[in-house]
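Keep in mind that what you see is a predicted model, and the values were worked out from it rather than measured. Computed from heavy atoms alone, side chains included, the values below leave out hydrogens, waters and symmetry copies.
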Amino acid sequence: MPGSSFPATREPTATRRCALRSALLTVISVASMTPLMAQETNYTNLPSLESQRAAVHPDQSCHSYDKMITKGSESPIITTCDTLFPDQFGLREKLGSKGFLIEGYYSFGEIYDVLGHQGKPQAYNGQSPNFSGNLWLNMTYDMARLGLNKGSQLTLSMNNWQTAYPGAGVRGTALSQATIFQTFFNGRITAQYGYYGLLGQFYGLFLGTSTASSALGPTSIIPNQVGMSMYLPTPGLDIRMYAHDRRFYNHFGFARSQSPDGFAADSRANPSGVNFRVNGARPIYVDEIGFRQRPTRGKLMTWLRAGGIYNSSSYYDFRRRAFGRSNSAFYVVFDQQLLQTNPAIPYLGWYIDLKTDHADRTKNVFTDDYAATIYSLGPFRGREKDMLSIGFTYNKIGSAAQQDLQRLAPRKFDHSTTSSVAYAAHLHRGIYFVGTTSYTTHPVVSRLYADALTLQGQFTLSF
């Protein structure tokens with residue numbers, strides 16, 4: 001997936017086109033998704049920390065630390081009660097008394113196409129067995145102690161990624177987030193500014209209670225393809241404004257775009273994640289409106305949102321075979337709880353997630369996608385922390401990109417599909433295992449490859 005950067009001179013057209021094709025060789029559904037770090041605000045559809053604790057250790061004092069977990073993102077992180085060492089041998093209490101919280105996780109796993117389509121060079125994630133790992137460390141500080149309004153928070157975090165196949169993600173160590181989060185007017189307005197991945201603040205990529213336990217179905221790459229940063233952070237600002245009932249909202253943000261040449265070019269230009277500028281990456285603007293109702297006893301969760309994305313960076317126009325002035329996309333996502341299976345813990349039950357994304361048809365390889373996922377939180381009695389997911393996605397390859405790609409190699413397809421089944425198992429406090437089986441048609445867009453059946457196993461250790 002594309003990354004986020006800004007160099008001083010533009011590369012020649014042929015070089016940039018080659019880089020763009022290389023970055024988009026794989027369909028994201030076959031790749032492992034790097035987790036996005038942060039915790040829900042009080043007004044999201046995501047399960048409240050109080051509800052999560054009820055399914056883990058309801059009588060422990062660890063809940064007092066949860067108020068210091070990172071705020072502001074749509075990608076939740078696990079409650080401190082469900083980590084390997086909830087009190088970190090007394091360290092959490094000592095740091096908490098001074099306004100600090102330190103948390104993290106290490107996630108590692110393997111993915112492989114069991115149909116035996118190994119090849120060199122490797123063209124997609126899992127074509128040959130691929131190991132990947134991600135270490136995330138995060139620190140928060142209560143900025144109210146320095147005179148800012150109540151609820152203000154500083155977040156500093158870093159990532160270390162390892163992967164055997166470079167096309168599956170980023171390698172190395174980099175800044176993940178450096179932000180200040182503030183609330184105004186009794187929480188009716190929130191603002192976040194600094195360095196962070198813009199995609200993690202909008203859309204809602206992850207289903208379930210945390211990135212550790214998310215049995216992900218297929219997801220869209222279009223918001224990232226048009227420039228919303230995900231792996232490496234970009235400088236930006238986003239503001240949420242809530243109606244009086246906290247259900248209707250408008251969420252606006254702008255940031256430096258990721259590199260139009262893709263995440264590989266972006267990570268090369270900005271390996272530390274701290275660069276303010278990257279060649280060719282200009283401002284990107286996102287606006288999302290939505291309605292969301294959190295699950296309560298007898299009331300089902302609902303979250304409907306729609307957003308528009310405008311990137312002022314120059315992108316290659318496949319039809320004109322020259323660079324255009326901008327890129328754009330829009331999305332509509334709907335999550336609905338269908339059934340509550342435990343009245344005492346309202347978020348447990350069955351859900352459906354529907355999403356569609358559409359991008360500029362001349363400047364993107366993938367121009368349209370449609371996805372549906374049925375998932376259950378706590379699918380079986382006694383397995384309240386587990387998650388089951390069954391999903392399908394259809395990715396449309398734009399006609400302009402098809403014509404350009406056809407000159408490289410014969411190809412007779414205009415789309416890719418992925419069907420997946422995943423199960424996240426809570427093995428022990430702070431330990432999850434996620435197993436995923438995915439079947440993808442046309443896993444490589446540049447030329448004809450046999451369909452892929454990938455198996456992926458991933459462990460996550462939270463601390």
Side-chain angles (χ1 to χ4, degrees), residues 1-3 22-36 105-136 159-172 205-208 210-221 224 230-231 262-264 267 366 371 373 375 386-393 395 416-425 427 431-446 449-461:
M1 288 168 53
S22 175
L24 291 170
L25 279 178
T26 51
V27 175
I28 194 62
S29 309
V30 204
S32 61
M33 185 80 72
T34 300
L36 304 174
Y105 66 74
Y106 181 63
S107 180
F108 60 96
E110 188 93 12
I111 183 172
Y112 178 52
D113 181 0
V114 297
L115 297 182
H117 297 145
Q118 293 190 39
K120 292 185 178 180
Q122 189 171 345
Y124 59 88
N125 192 23
Q127 184 182 19
S128 296
N130 179 42
F131 170 85
S132 61
N134 174 220
L135 172 66
W136 174 68
N159 267 307
N160 174 267
W161 299 276
Q162 313 92 34
T163 178
Y165 171 52
V170 178
R171 288 173 170 172
L205 283 174
F206 288 87
L207 312 176
S210 77
T211 54
S213 64
S214 185
L216 279 175
T219 56
S220 171
I221 70 167
N224 187 249
M230 178 175 160
Y231 283 106
F263 78 84
S267 60
F366 295 105
T373 305
Y375 62 100
D386 290 7
M387 179 178 174
L388 171 67
S389 156
I390 304 171
F392 174 82
T393 190
N395 286 289
S416 172
T417 64
T418 296
S419 303
S420 67
V421 177
Y423 193 88
L427 303 181
I431 303 177
Y432 279 90
F433 175 78
V434 181
T436 306
T437 301
S438 299
Y439 185 85
T440 300
T441 64
H442 311 309
V444 181
V445 301
S446 62
Y449 269 74
D451 297 348
L453 177 62
T454 57
L455 299 183
Q456 181 176 13
Q458 180 173 294
F459 286 93
T460 299
L461 312 178

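Across every non-hydrogen atom of Gln127 and Pro121, the tightest pair is OE1-O, 4.2 Å. In terms of heavy-atom proximity, Val434 sits nearest to Ala424 at CG2-CB, 3.8 Å. In this structure, Phe392 and Ser419 approach most closely via the heavy-atom pair CD1-OG, 3.3 Å.
Atom CD1 in Ile111 sits 11.0 Å away from atom OH in Tyr165 (nearest 0.5 Å). Once rounded to the nearest 0.5 Å, the distance linking CG of Asp386 with OH of Tyr423 reads 3.5 Å. We find the CD-CZ distance between Glu110 and Phe459 to be 12.0 Å, quoted to the nearest 0.5 Å. Note that CG of Leu453 and NE2 of His117 are 9.5 Å apart. Values are rounded to the nearest 0.5 Å. Residue Leu461 holds its CG atom at 5.5 Å from CD1 of Ile431, rounded to the nearest 0.5 Å. We find the OG1-CG distance between Thr440 and Asp451 to be 8.0 Å, quoted to the nearest 0.5 Å.
No hydrogens or angles considered: nothing links the side chains of Thr393 and Thr418 as a donor-acceptor pair under 3.5 Å. For Asn134 and Tyr106, the side-chain atoms include no donor-acceptor pair closer than 3.5 Å. Side-chain N/O atoms of Thr417 and Thr441 include a donor and acceptor closer than 3.5 Å. Looking only at atom types and distance, the side chain of Ser438 has no donor-acceptor partner in the side chain of Gln456 under 3.5 Å away. Using modelled atom types and a 3.5 Å distance limit, the side chains of Tyr231 and Asn224 yield no donor-acceptor pair. Residues Thr460 and Ser107 have side chains that bring a donor and an acceptor to within less than 3.5 angstrom of each other.
Judged as a side-chain contact (heavy atoms from CB on, under 4.5 Å), and not counting sequence neighbours, the contacts of Tyr112 are Val114, Gln118, Pro129. For Ser128, the side chain to side chain donor-acceptor pair (under 3.5 Å) test picks out no residue, with sequence neighbours left out.
Contact of the Ile221 side chain with the Phe366 side chain is registered, since non-hydrogen atoms from C-beta on lie closer than 4.5 Å. Contact check for Trp161 versus Arg171: no side-chain heavy atoms found under the 4.5 Å cut-off. Inter-residue side-chain proximity for Asp113 and Tyr124 is flagged as met; some heavy-atom pair is nearer than 4.5 Å. Met387 is listed as a side-chain neighbour of Tyr375, based on a closest heavy-atom distance under 4.5 Å.
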side-chain contact (heavy atoms from CB on, under 4.5 Å) evaluation trace for Thr436 with Val421: CA-CA 6 Å; Thr436 306; Val421 177; over 6 Å; no

